[in-house]
Number of protein chains: 4
Amino acid sequence: MLEEMKDLDLLSTCCAEDKFHDECGVFGIFLNESEDDCEAARTTFYGLYALQHRGQESAGIAVSNGHEIQLHKGMGLITEVIKPDHIKKLKGRLSIGHVRYSTTGMSNVVNTQPLVFHYLNGMLALAHNGNLVNTVELRKRLAAYGSVFQTTSDTEVVANLLARYSQDNKIEDALARCIMDAKGAFALLIMTEDRLVGVRDPMGIRPLCLGELNGNYILASESAALDTVGATLIRDVNPGEIVVIDQDGLHSRQVIDSPRRAHCIFEYIYFARPDSTIDQVNVYQARREMGRQLARECNIDADMVISVPDSGTSSALGYAEEAGLPFEEGLMKNRYVGRTFI
Amino acid sequence: MLEEMKDLDLLSTCCAEDKFHDECGVFGIFLNESEDDCEAARTTFYGLYALQHRGQESAGIAVSNGHEIQLHKGMGLITEVIKPDHIKKLKGRLSIGHVRYSTTGMSNVVNTQPLVFHYLNGMLALAHNGNLVNTVELRKRLAAYGSVFQTTSDTEVVANLLARYSQDNKIEDALARCIMDAKGAFALLIMTEDRLVGVRDPMGIRPLCLGELNGNYILASESAALDTVGATLIRDVNPGEIVVIDQDGLHSRQVIDSPRRAHCIFEYIYFARPDSTIDQVNVYQARREMGRQLARECNIDADMVISVPDSGTSSALGYAEEAGLPFEEGLMKNRYVGRTFI
Amino acid sequence: MLEEMKDLDLLSTCCAEDKFHDECGVFGIFLNESEDDCEAARTTFYGLYALQHRGQESAGIAVSNGHEIQLHKGMGLITEVIKPDHIKKLKGRLSIGHVRYSTTGMSNVVNTQPLVFHYLNGMLALAHNGNLVNTVELRKRLAAYGSVFQTTSDTEVVANLLARYSQDNKIEDALARCIMDAKGAFALLIMTEDRLVGVRDPMGIRPLCLGELNGNYILASESAALDTVGATLIRDVNPGEIVVIDQDGLHSRQVIDSPRRAHCIFEYIYFARPDSTIDQVNVYQARREMGRQLARECNIDADMVISVPDSGTSSALGYAEEAGLPFEEGLMKNRYVGRTFI
Amino acid sequence: MLEEMKDLDLLSTCCAEDKFHDECGVFGIFLNESEDDCEAARTTFYGLYALQHRGQESAGIAVSNGHEIQLHKGMGLITEVIKPDHIKKLKGRLSIGHVRYSTTGMSNVVNTQPLVFHYLNGMLALAHNGNLVNTVELRKRLAAYGSVFQTTSDTEVVANLLARYSQDNKIEDALARCIMDAKGAFALLIMTEDRLVGVRDPMGIRPLCLGELNGNYILASESAALDTVGATLIRDVNPGEIVVIDQDGLHSRQVIDSPRRAHCIFEYIYFARPDSTIDQVNVYQARREMGRQLARECNIDADMVISVPDSGTSSALGYAEEAGLPFEEGLMKNRYVGRTFI
């Protein structure tokens, strides 16, 4: 298992910095046709429900009916923010959604996502997981051309870049230029009136995968969200790849071909769901193998193995198995205390 | 382990009926002295937090300052209902609290607990876990004497009985008469202005234990709540026993001495916390032993053991251990879906 | 105008005491038949909307479908508490409602009205405007028989009295005994499963009038509520009279025939709506006449008459008219500050 | 009275169109010094309270502490949106606020004001009463340069114009260019970190006045807001004038000198408070004189004059006085129904 991980340059420094920024989950779907106007929004709701562990602070869903983008978002869990009555009003065959956890103090409603913008060529909705390291520089550059900013989020910076680059261009061309400028970690979903676009940063720090449900494409932070809605995992979006989904199907463009991979190790350690497979490595098996490897490297004289639940349990089971020790549940977690982060 | 349980008459029929009624958690504390006026309420808050798995529908805390009882309660989790500002106002050295899960449709604010009553001799607060089987008959009997009822809860019936029996009597004498009349399962806390009273039904269907924290007595549904607040388990309240805690200490009276024990088996199977010890049997060890016993009785040809989380995990670990099979986590539980009941 | 009032013994002492208690508005309707299940609740909603000036603190509506009484109430204005979705669920041909202003500190949800009780003969809903002066004595008397109290309201005392007196009796017989015991000001509506009862205290301190809408009877605190729902004023309920409305129509019983009348003068001065007629005296005309009389008694040398809005305007217009002075609006009231009381 | 109005070109056509847009109230204050950090926000709160009749849909206050702008806003009345705890956090000597009524369907939280922007030279807060007629054209022009828009409000357009024009310029120079581009009605407050700016459209359609409180300047939609906070009216801001208030005092610049005046007649008829004086005409006296003039032009045979409250009462009093008829209150307004607009 760890063999599969050995060619990864695990960018812990990036993640350490990333700790001061956002953790998020994104989900998007493009239905070729649907008899139920709210199917896209409803599927996004369930996809976000499966990604709730990636962010409990705010949630939102945007849909496009081909002409116009509508949005509902707010502070709280997805089940608190999006009620059945909201889904009834979110009509359209395209949808993207977002759940957000902010590790900084700026957890307020103005920074909830998706963000929706009017620009020269129409409307844009953005849902972003990750953070840029050159935001300050990009904001300065944009402000010098007259841009104004209403939030402190990187997403608004990306939207302004997109608007500036898309004057005569298709959104994917503008996006290609954007990701040359933007440095950092990003798994980004963009929805226009009639297309769904996904992009992943050149080193693949944040996860993003592609799935299929009855002939329709889905983009999601983790494969567990695909399982939840009954979809099949096709593959991960490649680092530096833009995928565009429209009425004609899927188009891919490899914009940057970085020789370096830097998947975030914390996804495997505790952030992602164990039942997700990220970059072809199953998270549960990775944790279990890390436990086995720990037993090989640090075998100590002990009576039993006890885990710190929940994310430590798989590793502890691996350690117990390799060390030939009994596994016991010795620490109880109060299920009514929210998710804790290091 | 099961040896320890063998003398228990596991009353599954009672629990099956009980399924149509309330599951709840109760907690009470009597501080002999305190420099912090809100310490009793705060300790009750943390005790209820540890008992949240026993009821997520409503929560409430009542305190007495020796002269008057104050109450705050509402629909929702304890952390949603009781905020730091509420605790600041709940001043007094005596406190009882309640978390409630109702399996019937009557989940509304009028049935939240504790219930507080004015009666001939002052004020009473009641917090009840369990259900009576002769409520209809008792209500009729009381109504014939002019009683009125504002809720559908058994607790209001008990309060009316108490008021009627306490004309010239101390509350514990009135309570002794009450538990002759009341048939069913109950672990009941009663607070007057200056004393804390606990009682457990004659067969011990619902759990109730006694703890000690810095020389002060605590009553709680489960020992895990004692651990959470730093208290020590003294013993279980005996079936049919009334314990009275006042300024002079603890007084016990064995009112009914039923030869039959009928602890609810579902407490051990899935309802209680694994880290609680109920009637001298640790829940986690009971589950693990049930798994081992199952392996002995039903050993099947299998590659691995997979549990239905969370309450099934301890049993599955026991089964795997006894059967010599590997244990694997094969089902993931979405942590953001609330507790489910059969 | 004041001539019409001259035989009234205006009981300002009572009202001064009353100031420390509740001001409220009540409304009730009995529909003989209705194709719309929610018509009774909806009419009560509009009636209470017209009586909102009598209490802005809490509001509630109870309905009976002939078998069972349902209730919705809460803190706030009627439009905040009762939403269209609530009215849809309040099905039944009988309905009573209440708006409440509490001049004491006990403005909390437990004291909102109507109060609904189960008693020996079924269910009771009560909505009360006024206050008793012998509550403490009545509570003691009832508690000695085993009654318990969950609120501090007079209404719960009346309910307990009713329950005690109604053992073998019809509700109106029990009520007749009650109003012998209860001393003070009350305009009280009682709804059982199948009848609507109204009673007014023997001196007529609080107003209560009887109206008719398409052959159905209505009871309301003020005639302005009748106008709002399109009903016609039949007459005031007499002091000391019980009116019972059931499937057979209206029945009246004069229980007490007090020689003394003591209508509350503050209803005319500022509490009631100017477009109401109370005890055959129109409030607007009473105010205007009071202004004219003041001009006759205290004519001063002035340039203009300026009123303190809103309740002083009618009197000021009367003064100006009688004194031959111009009336000017010199004080502006911010419409977004809630009603103020002396 | 009407003589004073005769040189006004009453632009009813503009106002008719304006009907489809926003009615709002604005208030701003610059404290030279203050021992109380929250005095600016508190004064703005009371100023907006006095202007609540100009908009009941949303409210907000922004403050600057010299370095940074903070904002609190939301849907609802000022007393619902801004609580004492919010004011405690709004520290700074500069403050602007806004109450909004939207006559179109776009009444949602994203369009609440003030709007706060980061731009090249720092931060900007804007509060706007009025509407532009060339918004679509301006948005297109800005989008062609890469601007994106998150709201449908004119205010965001103005902010983008300002940002574009302020590259090397002071805010007031950028603003001077803005108001050349912007066509329509506007009374606009702008707050930077260290200055408060007010501007009124060239024809003076929307009101804006300048006041003084203990040596500090205030800008407000109506003089009634000055009275409420204890300030004195200095003068109206002139049509086409920019006033800048900073640490050095007040600076004025007459940017456009339109020969045409077009004060909105509906301010005098029913929109403004009677106790405000707008462009040197007192609203109450204007209404009273309009009533007198109506009596002169249309004298009919009548018994009495009855007004449609509230805004019609002053006119009716004027009519009654001129026609020698008695004035009576014949229509009652339910004080608990919100403000109605034509």
Side-chain angles (χ1 to χ4, degrees), chain C residues 25 46-56 59 76-80 99 222-225 227-228 272-276 282-285 287-288 291 304-307 309-318 320-322 325-340, chain D residues 25 46-56 59 76-80 99 222-225 227-228 272-276 282-285 287-288 291 304-307 309-318 320-322 325-340:
Chain C
Y46 285 113
L48 294 177
Y49 207 163
L51 297 173
Q52 186 77 79
H53 62 286
R54 298 185 72 85
Q56 300 88 46
L77 299 176
I78 181 74
T79 48
E80 293 166 343
V99 290
E222 292 184 31
S223 66
D227 298 338
T228 294
R273 277 175 61 150
D275 52 342
S276 283
N282 175 266
V283 174
Y284 168 63
Q285 288 179 314
R287 286 184 192 167
R288 197 129 185 170
M304 63 182 71
V305 179
I306 285 173
S307 72
D310 289 341
S311 50
T313 298
S314 309
S315 306
L317 283 164
E321 181 189 14
E322 183 72 20
L325 291 170
F327 170 83
E328 296 276 345
E329 295 173 285
L331 290 169
M332 288 303 305
K333 185 171 175 180
N334 185 332
R335 293 288 167 216
Y336 301 95
V337 175
R339 175 160 196 172
T340 51
Chain D
Y46 286 112
L48 293 178
Y49 207 164
L51 297 173
Q52 186 76 78
H53 62 287
R54 298 185 70 84
Q56 301 89 45
L77 298 177
I78 181 72
T79 47
E80 295 167 340
V99 288
E222 292 184 32
S223 65
D227 299 337
T228 294
R273 275 174 62 147
D275 52 342
S276 283
N282 174 266
V283 174
Y284 168 62
Q285 290 179 316
R287 286 184 192 166
R288 194 127 185 170
M304 63 181 73
V305 179
I306 286 171
S307 74
D310 290 337
S311 51
T313 299
S314 309
S315 306
L317 284 163
E321 180 190 16
E322 184 71 22
L325 290 170
F327 169 84
E328 297 275 348
E329 296 173 283
L331 290 170
M332 288 305 304
K333 187 172 174 177
N334 185 331
R335 291 291 168 213
Y336 301 94
V337 175
R339 179 165 190 167
T340 51

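Proteins come first, then strands; the chains are lettered A, B, ... in the order of their sequence lines, and each starts at number 1.
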Check: Under 4.5 Å between any side-chain heavy atoms of D/Glu329 and C/Pro274, yes or no?
Finding: no
Margin query: Please classify the contact of C/Thr313 with chain D as side chain, backbone, both or neither, using a heavy-atom distance under 4.5 Å.
Written below: both
Check: Which answer fits C/Thr228, side chain, backbone, both or neither, if we ask what part of it has an atom under 4.5 Å from a heavy atom of chain D?
Finding: neither
Check: Does C/Leu317 reach the side chain of C/Ser307, with side-chain heavy atoms less than 4.5 Å apart?
Finding: no
Next item on the list: Apply salt bridge (charged side-chain N to carboxylate O under 4.0 Å, His left out) to the pair C/Arg288 and D/Glu328, showing each step before the final yes or no.
Entry: CA-CA 10 Å; C/Arg288 197 129 185 170; D/Glu328 297 275 348; 3.2 Å; yes
Check: Tell me, side chain or backbone of D/Thr79 under 4.5 Å from chain C's heavy atoms, or both, or neither?
Finding: neither
Check: What heavy-atom pair brings D/Ala224 and D/Asp275 nearest, and what distance separates the two atoms?
Finding: CB-OD1, 3.8 Å
